[in-house]
J.: 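Take this structure, written in structure tokens, and hold onto it; I'll ask about it next.
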Amino acid sequence: MDDKSYPHLLAPLDLGFTQLRNRVLMGSMHTGLEESRDGFKKMAAFYAARARGGVGLIVTGGFSPNFRGRLHPLSAEFSTARAARAHRVVTDAVHDEGGKIALQLLHAGRYAMHPFAVSASAIKSPISKYTPTEMSTRQIKKTIEAFVKSAELAREAGYDGVELMGSEGYLINQFICKRSNHRYDEWGGSYENRIRFPLELVKAVRARVGRDFIIIFRLSMLDLVEQGSTKEEVVQLAKLLEQAGVTILNTGIGWHEARIPTIATQVPRAAFTWVTEKLKSEVSIPLVTCNRINMPDVAEQILATNQADMVSMARPFLADPDFVRKAEENRAEDINTCIGCNQACLDHIFVGKRASCLVNPQACYETELVLTPSASQRKIAIVGAGPAGMATAVAAAERGFQVDLYEKNDYLGGQFNLAMQIPGKEEFRETIRYFTRRLEQTGVNVILGHAVQAEELQGFDEVVIATGVKPRIPGIPGIDNEKVIDYQTLIRDKVQLGQRVAVIGAGGIGVDVSTMLTEPEHQDLDDWLKDWGIDKSIEHAGGLYPYSEYVSQRQVWLMQRRPGKVGRGPGKTTGWIHKKVLEKRGVELLSGVSYDKIDEQGLHITVEGQSRILEVDNIVLCAGQTSVEELSEKLQAMNLSVHVIGGAEVAGEVDAKRVIRQGVELAAKL
Ligand code: NAP
Ligand code: SF4
């Protein structure tokens with residue numbers, strides 16, 4: 001009997017010419033290091049840490065095989081011997097740690113954000129600025145040759161294989177689907193013609209790299225756009241790709257232009273493994289599944305039930321480089337779990353910043369944000385055990401300081417305790433679990449249920465104030481009316497509200513509260529898929545039904561004083577999901593509102609010069625926060641070294657990403 005807790009996940013995978021040490025593939029993620037100064041050294045440290053942590057096969061972020069295929073004019077390309085030499089430091093670092101690594105080759109096609117974009121046809125995507133030029137036959141052949149040359153160079157650079165990016169709506173996917181391929185020649189028209197590009201590509205790459213080199217093909221198995229592929233077509237292509245020489249088939253879910261969430265935190269865990277499962281009996285090469293798999297038990301279950309042969313996780317390795325090692329040591333509760341927020345990874349890449357991780361600010365900063373052991377055993381007091389206080393305490397204790405952490409509540413986690421009660425944000429519970437474990441393991445002295453006084457902090461070498469925020473109560477006449485409740489009390493005390501509710505303030509919290517108030521009861525995975533119009537049989541093109549019409553029984557108004565768009569919340573890559581959910585549920589979104597008064601009738605407002613009365617049962621205040629900070633003055637008068645961080649320092653736009661990073665950076669410098 002196998003004594004491992006995750007026997008399927010940790011079983012080696014024999015590829016014939018080589019073996020992978022387990023079934024874990026670290027999925028491709030652009031980190032922003034690909035283009036940065038000294039990026040290769042930093043990338044080497046980033047990937048080496050994940051290889052040391054036990055990942056079976058790493059796939060790099062996407063590199064274009066030629067100039068036109070770059071996502072941005074300055075995006076990384078992999079097409080020269082010089083590039084191959086520069087990548088050596090990365091492949092060597094991974095191999096030194098016993099890992100394997102494949103280079104992803106990605107041609108953006110019509111998603112390229114520059115005027116040199118090319119595609120199967122000259123059809124602009126709804127999310128692009130530029131209409132691509134239709135590729136000539138010569139250009140198609142040259143592009144295949146560019147991929148082949150890049151694959152050869154990848155081999156020279158020491159890579160164990162390449163991944164050909166054939167999903168998410170990039171060039172290869174654009175050839176496959178009618179949606180973006182309106183050609184009449186041998187590269188368009190019938191399905192056989194539309195799949196000629198990926199098949200010729202794979203055959204050409206295989207012919208040139210030899211038999212003992214991994215070729216992963218990322219196949220779009222569920223396009224989630226109109227005029228996407230059907231299941232029958234996906235199966236046909238998968239079989240032909242196998243014959244053409246693919247070693248491993250990876251799964252792609254949803255084009256970037258699809259308007260269905262596929263990886264955000266609202267997506268249930270392992271929500272799309274049923275897609276890969278449909279191909280399981282159709283091909284004999286290993287199949288990889290992906291999307292919202294973030295803990296070893298979830299991955300194990302997928303493999304144990306034969307839905308796939310390998311599991312791809314990407315963001316979970318930003319959150320915790322040692323994920324696999326912890327699974328091997330049966331310490332899943334020590335894993336720093338990816339909560340699917342996208343705030344420090346995709347949101348950063350979207351605006352051209354380096355990726356990192358909300359719960360692990362050291363991700364992609366392995367050589368810069370280093371917690372070196374301290375020479376002295378100084379005593380540190382931290383006041384407040386929300387995200388900022390917990391992160392600071394753990395990082396300071398990791399450096400060897402003696403840390404006392406005071407919290408006035410009798411529980412840890414601060415605002416995360418509210419966040420985890422929002423439907424679709426349950427993952428925040430994992431972050432509290434992780435930090436609680438780390439506080440225990442690093443020997444932090446945690447004092448709960450105690451509002452520490454300045455005098456008690458005498459004798460500490462450093463005091464960190466992380467006392468957070470409290471809800472802002474706006475000065476609207478009638479604000480004391482019993483209909484009014486602040487978001488903190490509402491969520492913390494699980495107060496039941498009436499059927500008509502006004503929400504004042506449409507920032508992240510107003511959006512979350514409106515989602516919570518309109519959430520349907522008892523949603524399981526099938527309900528969630530149905531709610532987003534996903535056809536589980538994939539008989540309809542792209543796997544899409546028309547939307548089902550769930551409208552909340554409760555009527556909610558969400559409003560802000562500012563003119564302009566309402567309901568997106570702060571997430572750059574997730575805002576559209578929030579807005580769509582609210583619209584689907586019939587929430588009325590109002591901007592340019594002035595709040596006149598509150599009385600027994602309800603909330604009196606003026607919008608565009610018109611007075612309105614919202615006859616509501618309740619009014620929820622989500623009007624931002626103010627800092628809670630009463631200690632620093634006294635402590636400074638006592639000549640103590642004081643640091644105020646997080647919401648206690650600046651309440652405006654406070655979020656967990658900022659405060660956790662601030663806490664760890666402070667601890668690194670103490
Ligand atoms: P926020 O984003 O600053 O929004 C506050 C809202 O209150 C705004 O809509 C603002 O709009 C309104 N407001 C401000 N002062 C007001 C006043 N005196 N009277 C009436 N309305 C007023 O803050 P938040 O929603 O409280 O969120 C706090 C932080 O948590 C944010 O930084 C956010 O990024 C973070 N968060 C993130 C997420 C996420 O999913 N990533 C979710 C929740 C929270 P007007 O001034 O136009 O009225
Ligand atoms: Fe996961 Fe959020 Fe970290 Fe991205 S920032 S890796 S989504 S926890």
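Remember, it's a predicted structure, so these values are computed and weren't measured experimentally. All values below come from the heavy atoms of this structure, side chains included, with hydrogens, waters and symmetry mates left out. Just so you know, ligand 1 is whichever comes first in the structure, and atom 1 is the first atom listed for that ligand.
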J.: Please say whether more than 12 non-hydrogen atoms of neighbouring residues, nucleotides or ligands are located less than 6.0 Å from CD in Glu630.
T.: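 No, because the 6.0 Å sphere around CD of Glu630 holds 12 heavy atoms or fewer from other groups.
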J.: Distance check, rounded to the nearest 0.5 Å: Arg218 atom CZ versus Met165 atom CE?
T.: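 Arg218 atom CZ to Met165 atom CE measures 4.5 Å (nearest 0.5 Å).
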J.: Between Lys425 and Asp512 (salt bridge meaning N to carboxylate O under 4.0 Å), is one present in this structure?
T.: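 Yes.
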J.: Where is the nearest protein heavy atom to atom 5 (C) of ligand 1: which residue, which atom, and how far?
T.: Gly624 N, 3.6 Å
J.: Should Ile504 be counted as touching ligand 1, given the test is an N or O pair under 3.5 Å?
T.: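 So ligand 1 has no N or O lying under 3.5 Å from an N or O of Ile504.
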J.: Glu588 pairs by salt bridge (Lys or Arg N to Asp or Glu O under 4.0 Å) with which of Arg554, Arg500, Arg612?
T.: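 With Glu588 as partner, salt bridge (Lys or Arg N to Asp or Glu O under 4.0 Å) holds for just one option, Arg612.
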J.: Is there a polar contact, in the sense of an N or O pair closer than 3.5 Å, between Gly507 and ligand 1?
T.: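 Yes: some nitrogen or oxygen of Gly507 is under 3.5 Å from one in ligand 1.
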J.: Using the salt bridge (Lys or Arg N to Asp or Glu O under 4.0 Å) definition, which of the options Glu35, Glu366, Glu34, Glu368 pairs with Lys42?
T.: Glu368
J.: Checking Thr60 side chain against Gln104 main chain: does a donor-acceptor pair fall under 3.5 Å?
T.: yes
J.: Considering only non-hydrogen protein atoms, determine which one is nearest to atom 7 (O) of ligand 1 and report residue, atom name and distance to 0.1 Å.
T.: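 Among all protein heavy atoms, the one nearest atom 7 (O) of ligand 1 is Ala623 CA, 3.2 Å.
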J.: Does Cys341 put an N, O or S atom under 2.8 Å from atom 1 (Fe) of ligand 2?
T.: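 So Cys341 does not count as coordinating atom 1 (Fe) of ligand 2.
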J.: Among all protein heavy atoms in this structure, tell me which lies nearest to atom 4 (Fe) of ligand 2, with the distance rounded to 0.1 Å.
T.: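 Sorting protein heavy atoms by distance from atom 4 (Fe) of ligand 2 puts Cys345 SG, 2.3 Å first.
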J.: Is it the side chain, the backbone, both or neither of Asp512 that has a heavy atom closer than 4.0 Å to ligand 1?
T.: side chain
J.: Should we count CD of Glu440 as having more than 12 external heavy atoms under 6.0 Å?
T.: yes
J.: Please check if the side chain of Arg50 supplies one atom and the backbone of Phe46 the other of a donor-acceptor pair under 3.5 Å.
T.: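 Confirmed, Arg50 side chain pairs with Phe46 backbone.
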J.: Between atom CD1 of Ile302 and atom OG1 of Thr276, what is the distance when rounded to the nearest 0.5 Å?
T.: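 It is 8.5 Å, given to the nearest 0.5 Å.
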J.: To the nearest 0.1 Å, how far is atom 35 (C) of ligand 1 from its closest protein heavy atom, and which atom is that?
T.: Val654 O, 3.6 Å
J.: Return the closest protein heavy atom for atom 3 (Fe) of ligand 2 as residue, atom name and distance.
T.: Cys357 SG, 2.4 Å
J.: Charged N to carboxylate O under 4.0 angstrom, Arg325 versus Asp322?
T.: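 Between Asp322 and Arg325 there is a salt bridge, with a charged N closer than 4.0 Å to a carboxylate O.
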J.: Which protein heavy atom lies closest to atom 37 (C) of ligand 1, and at what distance to 0.1 Å?
T.: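 For atom 37 (C) of ligand 1, the nearest protein heavy atom comes out as Pro570 CG, 3.5 Å.
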J.: Near Gly340, which atoms of ligand 2 are under 4.0 Å from a heavy atom of that residue?
T.: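 Selected atoms, number and element: 1 (Fe), 7 (S).
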J.: Salt bridge between Glu333 and Lys326, side-chain N to carboxylate O under 4.0 Å?
T.: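 Salt bridge: no.
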J.: Students should be able to answer this: which protein heavy-atom is nearest to atom 8 (S) of ligand 2, and at what distance?
T.: Ile339 N, 3.4 Å
J.: Distance under 4.0 Å to a non-hydrogen atom of Gly505: what atoms of ligand 1 satisfy this?
T.: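 The list of qualifying atoms is 6 (C), 7 (O), 9 (O), 12 (C).
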J.: Looking at ligand 1, does Tyr595 have a heavy atom less than 4.0 Å from it?
T.: yes
J.: What protein heavy atom sits nearest atom 10 (C) of ligand 1, and how far off is it?
T.: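 Checked against all protein heavy atoms, atom 10 (C) of ligand 1 sits closest to Arg562 NH2, 3.7 Å.
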J.: Just to confirm my output: which protein heavy-atom neighbour is closest to atom 5 (S) of ligand 2, and how far is it?
T.: Leu358 N, 3.2 Å
J.: Is it the side chain, the backbone, both or neither of Cys622 that has a heavy atom closer than 4.0 Å to ligand 1?
T.: backbone
J.: Checking side-chain contact (heavy atoms from CB on, under 4.5 Å) between Cys338 and each of Glu427, Met295, Arg315, Met313, which is the one that passes?
T.: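 Exactly one pass, corresponding to Arg315.
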J.: Say whether Gly508, considering both its backbone and side-chain N or O atoms, lies within less than 3.5 Å of an N or O atom on ligand 1.
T.: yes
J.: State whether the shortest distance between N or O atoms of Lys425 and N or O atoms of ligand 1 falls below 3.5 angstrom.
T.: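 Between Lys425 and ligand 1, an N or O pair is found under 3.5 Å apart.
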J.: Counting distance only, does the side-chain N/O of Arg292 pair as donor-acceptor with the main-chain N or O of Ala270 below 3.5 Å?
T.: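 Not at all, since once roles are kept as given, no pair shorter than 3.5 Å links the two residues.
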J.: Would you call the rings of Tyr170 and Tyr111 parallel, tilted or perpendicular if under 30° counts as parallel and over 60° as perpendicular?
T.: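 Ring orientation, 0 to 90° scale: perpendicular.
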J.: Between Gln415 and ligand 1, find which residue part has any heavy-atom pair under 4.0 Å and reply side chain, backbone, both or neither.
T.: neither
J.: Is the closest protein non-hydrogen atom to atom 15 (N) of ligand 1 under 4.0 Å?
T.: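 Yes, there is a protein heavy atom closer to it than 4.0 Å.
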J.: Just checking, Arg354 and Tyr365: is the charged tip under 6.0 Å from the six-membered ring centre and within 45° of the axis?
T.: yes
J.: How far is atom 28 (C) of ligand 1 from its nearest protein heavy atom, and which residue and atom is that?
T.: Gln625 OE1, 3.3 Å
J.: Tell me whether the count of non-hydrogen atoms from other residues, nucleotides or ligands lying under 6.0 Å of NZ in Lys408 goes above 12.
T.: no
J.: My understanding is that we take every heavy atom of each candidate and find the minimum distance to atom 44 (C) of ligand 1. Doing that for Asp347, Val503, Ile577, Ile509, which one comes out nearest?
T.: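 When every heavy atom of Asp347, Val503, Ile577, Ile509 is considered, Ile509 comes closest to atom 44 (C) of ligand 1.
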J.: How far is atom 7 (S) of ligand 2 from its nearest protein heavy atom, and which residue and atom is that?
T.: Asn342 N, 3.0 Å
J.: Can we say Lys584 and Asp531 salt-bridge, meaning some charged N sits less than 4.0 Å from an Asp/Glu carboxylate O?
T.: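 Yes.
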J.: Do me a favour and list the nearest non-hydrogen protein atom to atom 18 (N) of ligand 1 with residue, atom name and distance?
T.: Arg561 NH1, 3.6 Å
J.: Within ligand 1, which atoms have a heavy atom of Gln343 less than 4.0 Å away?
T.: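 Counting atoms of ligand 1 from 1, those under 4.0 Å from Gln343 are 41 (N).
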J.: List the closest protein heavy-atom neighbour of atom 9 (O) of ligand 1: residue, atom name, distance to the nearest 0.1 Å.
T.: Ala506 N, 2.8 Å
J.: Counting from 1, what ligand 1 atoms have a heavy atom of Pro474 closer than 4.0 Å?
T.: 17 (C), 18 (N), 19 (N)
J.: At a threshold of 2.8 Å, where the distance has to be below it, does atom 3 (Fe) of ligand 2 have an N, O or S atom of Cys338 nearby?
T.: no
